[in-house]
2 protein chains.
Amino acid sequence: MLTERQLLILQVIIDDFIQTARPVGSRALSKKNSIPYSAATIRNEMADLEDMGYLEKTHLSSGRIPSEQGYRYYVDHMISPVTKFNQDMNVIKNFINDGFFEFEQLVQMSAEVLSELTNYTSIILGPELFETKLKQLQIITLSPNSAVAILVTNTGYVEHRSFSVPAEINPADLEKMVNILNDRLQGVPIVRLPEMFHSEITDLMKAYIHDFDKSYDYLKAAFLQEQPVKLYIGGKSNLLRQPEFNDVDKIRAFYTMIENENEMAHLLKGTSGGIKVTIGHENKADAIKDFSLITASYQLGGDQMGTIALLGPTRMEYRKVITLLDVLSNEMTDALYLWYKNTD
Amino acid sequence: MLTERQLLILQVIIDDFIQTARPVGSRALSKKNSIPYSAATIRNEMADLEDMGYLEKTHLSSGRIPSEQGYRYYVDHMISPVTKFNQDMNVIKNFINDGFFEFEQLVQMSAEVLSELTNYTSIILGPELFETKLKQLQIITLSPNSAVAILVTNTGYVEHRSFSVPAEINPADLEKMVNILNDRLQGVPIVRLPEMFHSEITDLMKAYIHDFDKSYDYLKAAFLQEQPVKLYIGGKSNLLRQPEFNDVDKIRAFYTMIENENEMAHLLKGTSGGIKVTIGHENKADAIKDFSLITASYQLGGDQMGTIALLGPTRMEYRKVITLLDVLSNEMTDALYLWYKNTD
DNA sequence: TTTAGCACTCAAGAGCCTCGAGTGCTAACA
DNA sequence: TGTTAGCACTCGAGGCTCTTGAGTGCTAAA
């Protein structure tokens, strides 16, 4: 268990290091008003904190920096609710309540605002279709040999895809099929669409449609092809301003990782509700063992919808980031609730 | 005018420097089989080429590197049609002819393939709606207070936007209006939509629709709000592998620029048909005075549609890039032609 | 228990040296 | 007259060494 004094010293060291990115030494600490002990005393405490694993040295005679365990303790026990960031919180609230016009836009702007306020990189994983339901399917013929397929969910999500129609397929047939599908599939959860397509519908349609198999394959491809995950990343270049990024190799590693959308999406997925902080080696992905990731989710009526995250150096302004993420995810959840309430 | 020998030497120097990124000296040159002159002779020629502005030194006693003027000459006079990149060309042809399913996907994949083949950063400016025509407008009511608006063009481009419907607006009215608009506006060029909305349609509808003004404003916002430009950037981290990027400040500058989508779009716009090479200071934007930009456009039946570009260091493999861009833009134009032919 | 004092450590930066790749110029050669 | 060999000179890069300053641990005194 840490003593009062150790707590104080640990906290001040971490706060200071987060600000300056430089190892903090006993003498500098002893000069602060908040710390009424001599350098020697502080040295003793620091040595103890190091033994306990909360601090580290960068080399034998350097000042101390927080270890990952130190950050962990800091995040778990030392982040009292702060009103210090009121101004930033208002920025978020205002921009959300400004009224948004489109869901994707809201998400994208959130990412930008967030990384601007924090100077870290923000990542937003778009809504999962998991719990949404089909509102409408539609096929629009553009020419004898091309068409565009549109799928709309009850949450207003629109997917579309244009494709060419081979000569042997009759566009009119396609439209007929889509009409039938529309009647029968409305309200079906998107995830169940593939099986419904297959099991329930085909019998009915076979009777009506000439050359059914080919047309069916076509529709299936048009509507059910898997969509890539939606990932918005804001402020990629922000991190370059952090002093830990003075090393070209680190930059390379960072950008190589961040451009791998699949890996990023994988990283964010599976974070359930609430705010979660992952520090350094706690991260599964090797590429961000030097980073901390803070995730929060925004929701629509209890079903998790998406994830907001901030990625920064382990030396991160945890307080600020946690506060802001909390506000943002609540505001988004509220906004989405208002937005979609009464949706079937 | 350059002599035979000067031409040879200039070309070899540029080729060599493009490969190695190191200043090339007279002695190294004289050892090459293709150059049967002694180091001293070469030194004399190099001095002349420097006087003429085609070469530079990095410091008083360094080897020579091409000047921007040198690259310009190289690009204008020394790039004979090359079959050397047959293999890469085939990669492009194959992937395009693999059959694509969606326009946006094609564009995005092109960007990726291109930057993979070249190791530079590729930028693709999405199609302009300029010449496309309206195929269909649609409004889908999700709930009493939200709806999604969808706009489809004759080229299969789909734009959509969800928005909330204030209590005082009757969704049935909206649908009625959209039906009327659909009848009257089909085939109208997208750019003319705003004026058509205003001038031709309002009189007709005022008669039919209760509380017309509000509903009208709403529809207008839903369908006519300006869309941001579509910009795909592929292989952003590729350039980090180039030796000229060993400087953190340069990296910062590069990423800051590349994330500014508007500026990038502006840079690519206004490049008419054909392939255009802009070297170093020939670029308007300060941020890429160190880079070269090679642009090509892909077309649909003569109307310019979009721009493909590659951004790299001035020390760029111009031959390869030009060859590949040429192939890609032709292939895309062909593919789009097949795709959209017979479209109204 | 706290503090002062002292010997010790290390990173970072400045200064210096060496090495190698390059140049320009001059004089000799074909 | 064009080409080449030779020589003195230049400069960047990398390796050494030294100094400085911020820091530590340990011991002994208050």
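Every chain is numbered from 1 and lettered A, B, ... according to where its sequence line falls, protein lines coming before strand lines.
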Rounded distance (Å) that lies between atom P of C/dA4 and atom CD1 of A/Ile42 | 12 Å
Between NZ of A/Lys31 and C1' of C/dT3 the distance, given in whole Å, is 16 Å
Among all residues two or more places apart in sequence or in another chain, which pass the side-chain contact (heavy atoms from CB on, under 4.5 Å) test with B/Gln11?
-> B/Asp15, B/Met78, B/Arg319
Please list, chain by chain and in numerical order, all residues satisfying side-chain contact (heavy atoms from CB on, under 4.5 Å) with B/Asp326, sequence neighbours excluded.
-> B/Ile275, B/Asn330
Atom pairs under 3.5 Å, N or O on each side, protein against nucleotides 12-19 of chain D: can you list them with distances?
none

Not counting sequence neighbours, which residues clear ring pair (Phe, Tyr, Trp, His ring centres under 6.0 Å) with A/Tyr71? List them please.
-> A/Tyr318
Spell out protein contact along nucleotides 16-30 of chain C as letters: B when the base is contacted, S when just the sugar-phosphate is, - when no protein heavy atom is under 4.0 Å; keep the 5' to 3' order.
-> ------BBBB-----
Taking only N and O in the side chain of A/Arg5, is any of them less than 4.0 Å away from OP1 or OP2 of C/dT2?
-> yes
Sorted by chain and residue number, the ring pair (Phe, Tyr, Trp, His ring centres under 6.0 Å) partners of A/Phe17 (sequence neighbours excluded) come out as none
Angle separating the five-pair end axes of the helix from C/dT1-D/dA30 to C/dA30-D/dT1, nearest 10°, is 20°
To the nearest 0.5 Å, tell me how far A/Leu240 CG sits from B/Thr256 OG1.
-> 7.0 Å
Between A/Thr121 and A/Leu310, is any pair of side-chain heavy atoms under 4.5 Å apart?
-> no
With sequence neighbours left out, the residues meeting ring pair (Phe, Tyr, Trp, His ring centres under 6.0 Å) with B/Phe254 are B/Phe245, B/Phe291
Check against side-chain contact (heavy atoms from CB on, under 4.5 Å), B/Val321 and B/Tyr120 | CA-CA 9 Å; B/Val321 169; B/Tyr120 302 122; 3.7 Å; yes
Check the distance between D/dT1's C1' and B/Glu45's CD and give it to me in whole angstrom.
-> 14 Å
Under 3.5 Å, sequence neighbours excluded: what are the donor-acceptor pairs made by side chains of residues 45-58 of chain B?
residue : atom : partner : partner atom : Å
B/Glu45 : OE1  : B/Gln6  : NE2          : 3.4
B/Glu45 : OE2  : B/Arg5  : NE           : 2.7
B/Glu45 : OE2  : B/Arg5  : NH2          : 2.7
B/Glu50 : OE1  : B/Arg64 : NE           : 2.9
B/Glu50 : OE1  : B/Arg64 : NH2          : 2.9
B/Lys57 : NZ   : B/Leu60 : O            : 3.4
B/Thr58 : OG1  : B/Ser62 : OG           : 3.1

Verdict with reasoning, B/Lys236 to A/Tyr255, per side-chain contact (heavy atoms from CB on, under 4.5 Å) = CA-CA 8 Å; B/Lys236 289 186 202 174; A/Tyr255 273 96; 5.6 Å; no
Which pairs, protein N/O on one side and nucleotides 28-30 of chain D N/O on the other, fall under 3.5 Å?
none

Donor-acceptor contacts, no H, no angles, side chain residues 28-35 of chain A, under 3.5 Å, sequence neighbours left out:
residue : atom : partner : partner atom : Å
A/Ser30 : OG   : A/Arg27 : O            : 2.8
A/Lys32 : NZ   : A/Asp16 : OD2          : 2.5

Hey, what do you get for OG (A/Ser329) to CG (A/Leu324), rounding to the nearest 0.5 Å?
-> 11.0 Å
For B/Lys284, salt bridge (Lys or Arg N to Asp or Glu O under 4.0 Å) partners two or more places apart | none
